[in-house]
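The structure under discussion appears below in the form of structure tokens.
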Amino acid sequence: MIICSKKFSNSLIALILGFLSVVLPNSLHAQYTIVDQKEQELEEAVAKVGHTLLNINKYYLDTVNFKGISEELVKSIISNLDPHSAYISAEDVKAMNEPLEGNFDGIGVEFALINDTLSIQATVPGGPSEKVGIKAGDKIVKVDGETISGTGLTIERVHKYLRGPKGTKVTVGVARKGEPALIDFVITRDKIPLNSVDASYEIAPGILYIKLSRFAATSYQEIMKFVLSHQGPRKGIILDLRGNGGGYLLAALQIANEFLDRGQLMLYTEGRTVRRMSEYANGRGLLTDIPVAVLIDENSASASEIVSGAIQDWDRGTVIGRRSFGKGLVQQQFDLFDGSQLRLTVARYHTPSGRVIQSPYQQGKAEEYYKAFYDRYSKGETFSKDSIHFPDSLKFKTLKLGRTVYGGGGIMPDIFIPADTSHYTPFFGEIVRKGLLADFVNSYVDTHREQLQKRYKTPAQFIASFEVTPKLFGEFLALCKSKGVDPAKTYGDASNTTSSNNGDSGTDVQATLTSERVLATSGPELKKYIKAYILRNIFDFNEYIRFLNSDDIEVQKALEIVSKPQSL
């Protein structure tokens, strides 16, 4: 039996009746005089739902959880709309909004869960934890007197313990290497910045690289702070939007505005009940005459496509990578009375040339929509430009040079670069899915942090001197094996076996050969990422991206393009 309090039930019914009194001023059985058929259908739908709930409340055998029913009802309604409209429960609203708002209230640490213990990886510069003396390598064992270590910690529980309203205090008991007993720290929670710029640095003299993970409320300010802090001439910008699924429309417009001349259209939107809205560059951008390259991939969507589409349509720069996702719908947020939210699609956006970037979809068939996206991979799109076909009806021309571009399914880059899967094996894939690289490196650095920091004073010194030795790689493979991920036993092909001269089974010989092939394919890449993860752990994420970019084909192509601007 599902239980609901009488008080909540009555308040819900009152709310429904109040709403119905607005929509149906006379009665549920009043004669409709509304001419608009859609309005009449809406009133009938509301009446039907309301009447059903009233009858349940009045006649049903048991008390009913109307809150749960309303949640499921709203979810069902939204599921029959486009793939990007969404219902967000009150419990999930804060978690969904945090990454876009650009901050949260907490103690300001980066952490990892190692051996069921909360281990500090880094403190936010100037944040609450750094101010009281928390250090990388510390382990938080107690929170407000409660032992949390060894209790089956989860990330959700850590957030519950350490996050909280600004100004509130939390006492943590810290185990620190070299200290015989726990050290207590009283930390006053504060606003912690949640940066959307993952990495930013001068990749070559005068050429600035910026990796943006999402379009948050603070994204424009983050980018411009970096650009303005650069000393010397600005010769080019590489804007990396790979994996950037979008965010706030305003942030996209602010960033696009920096690259375009006054009066150039950045995008326009229109919908059934939303009048056409056109957004133009104001001419005050600081980057209007600087060569620019934009990196995109299949996971670049929405706001990423607005920026790259505007730059492409005005022949302003070069778009490099693979076809973007294809999300050309605009959502508006509606707050509901209980703290939950609706994010409803209210318009389509068009790039300056008139393209609609949205991939085709049918209402109520989100599974088919996302399946079509994943089918791109199976059809070879990520590996070959020739596998992508656009009908002539989706053909458009860029606004200065008259180049052909296409709508109806993402932004097609000017320079296509296939995904590099030369290192991929099922062994590599399972390591990534299970997070074994991070587990291994977190544990390794936790044990060797002081030694590493003493030996490597700068990222450049680490990159030049640190090697993943056979011993260290062997320890990593041992961890993988302990987690059931073994290149020989898991992926060996025992169907084609031969007998060996030393009496070993043919299966063992074949497994060994298979293991050697797997490690020959994936080993170098795994070693590179072990080194990159250690670099990130003892320095920062910026250095991690910088290291990986050193042999990233797309980044290097972008660097070549902006270093020697040429006609598209």
Salt bridge flag under 4.0 Å for residues [X] and [Y]:
| X | Y | result |
| --- | --- | --- |
| R242 | D552 | yes |
| K211 | D198 | no |
| K528 | D551 | yes |
| E475 | K471 | yes |
| E430 | K434 | yes |

Compute whether any side-chain donor of one residue and acceptor of the other, for [X] and [Y], lie under 3.5 angstrom apart.
| X | Y | result |
| --- | --- | --- |
| R455 | S465 | no |
| D92 | S89 | yes |
| K169 | T188 | yes |
| S196 | S219 | yes |
| D240 | Y209 | yes |
| T218 | E222 | yes |
| T521 | T425 | no |
| E543 | Y201 | no |
| H423 | Y529 | no |

Should the heavy atoms of other residues, nucleotides or ligands under 6.0 Å from [atom1] of [X] be counted, would the total exceed 12?
| X | atom1 | result |
| --- | --- | --- |
| Q333 | CD | yes |
| I155 | CD1 | no |
| K191 | NZ | yes |
| K481 | NZ | no |
| N115 | CG | no |

Looking at [atom1] of [X] and [atom2] of [Y], how far apart are the two atoms once the value is rounded to the nearest 0.5 Å?
| X | Y | atom1 | atom2 | answer |
| --- | --- | --- | --- | --- |
| L241 | S300 | CG | OG | 6.0 Å |
| T123 | I107 | OG1 | CD1 | 10.0 Å |
| I411 | D297 | CD1 | CG | 13.5 Å |
| Q312 | R316 | CD | CZ | 14.0 Å |
| I148 | K160 | CD1 | NZ | 12.5 Å |
| Y544 | R536 | OH | CZ | 5.0 Å |

Distance-only, no hydrogens or angles: does the [X] side chain make a donor-acceptor pair with backbone N or O of [Y] under 3.5 Å?
| X | Y | answer |
| --- | --- | --- |
| R323 | P413 | no |
| R449 | Y444 | no |
| N442 | A438 | yes |
| E305 | S302 | yes |
| T458 | Q461 | yes |
| D116 | L153 | yes |
| N549 | V555 | no |
| N299 | G243 | no |
| S563 | E560 | no |
| D414 | V319 | yes |

So which atom in [X] and which in [Y] form the shortest heavy-atom distance, rounded to 0.1 Å?
| X | Y | answer |
| --- | --- | --- |
| S129 | I187 | OG-CD1, 3.8 Å |
| N542 | A199 | OD1-CA, 3.0 Å |
| R343 | I88 | NE-CD1, 3.2 Å |
| E554 | R322 | OE2-NH1, 3.5 Å |
| F383 | P418 | O-CB, 3.3 Å |
| N244 | L212 | ND2-O, 2.9 Å |

Q. Which is it for I140 and V109 under the side-chain contact (heavy atoms from CB on, under 4.5 Å) test, yes or no, and what are the steps along the way?
A. CA-CA 11 Å; I140 296 180; V109 295; 5.6 Å; no
Q. Quick check, are the ring centers of F215 and Y248 under 6.0 angstrom apart?
A. no
Q) Heavy atoms, side chains only, cut-off 4.5 Å: are S522 and R517 in contact? A) no
Q. Passes salt bridge (charged side-chain N to carboxylate O under 4.0 Å, His left out), D105 versus K166? Steps please.
A. CA-CA 6 Å; D105 295 347; K166 177 181 178 180; over 6 Å; no
(Q) Pair R234, V227 - check side-chain contact (heavy atoms from CB on, under 4.5 Å), show working. (A) CA-CA 8 Å; R234 293 188 287 266; V227 170; 3.5 Å; yes
Q: Identify whether NZ of Lys or CZ of Arg in K531 sits under 6.0 Å from the centre of the six-membered ring of F466 and within 45° of that ring's axis.
A: no
Q. Does NZ or CZ of R163 lie under 6.0 Å from the centre of the six-membered ring of F104, at an angle within 45° of the ring axis?
A. yes
**Q.** Pair L452-F539, side-chain contact (heavy atoms from CB on, under 4.5 Å): steps then yes or no
**A.** CA-CA 10 Å; L452 290 166; F539 291 101; over 6 Å; no
**Q.** side-chain contact (heavy atoms from CB on, under 4.5 Å) evaluation trace for V307 with F259
**A.** CA-CA 10 Å; V307 173; F259 296 98; 5.5 Å; no
Q) Taking the inter-plane angle between the rings of F325 and H84 on a 0 to 90° scale, is it parallel (under 30°), tilted (30 to 60°) or perpendicular (over 60°)? A) perpendicular
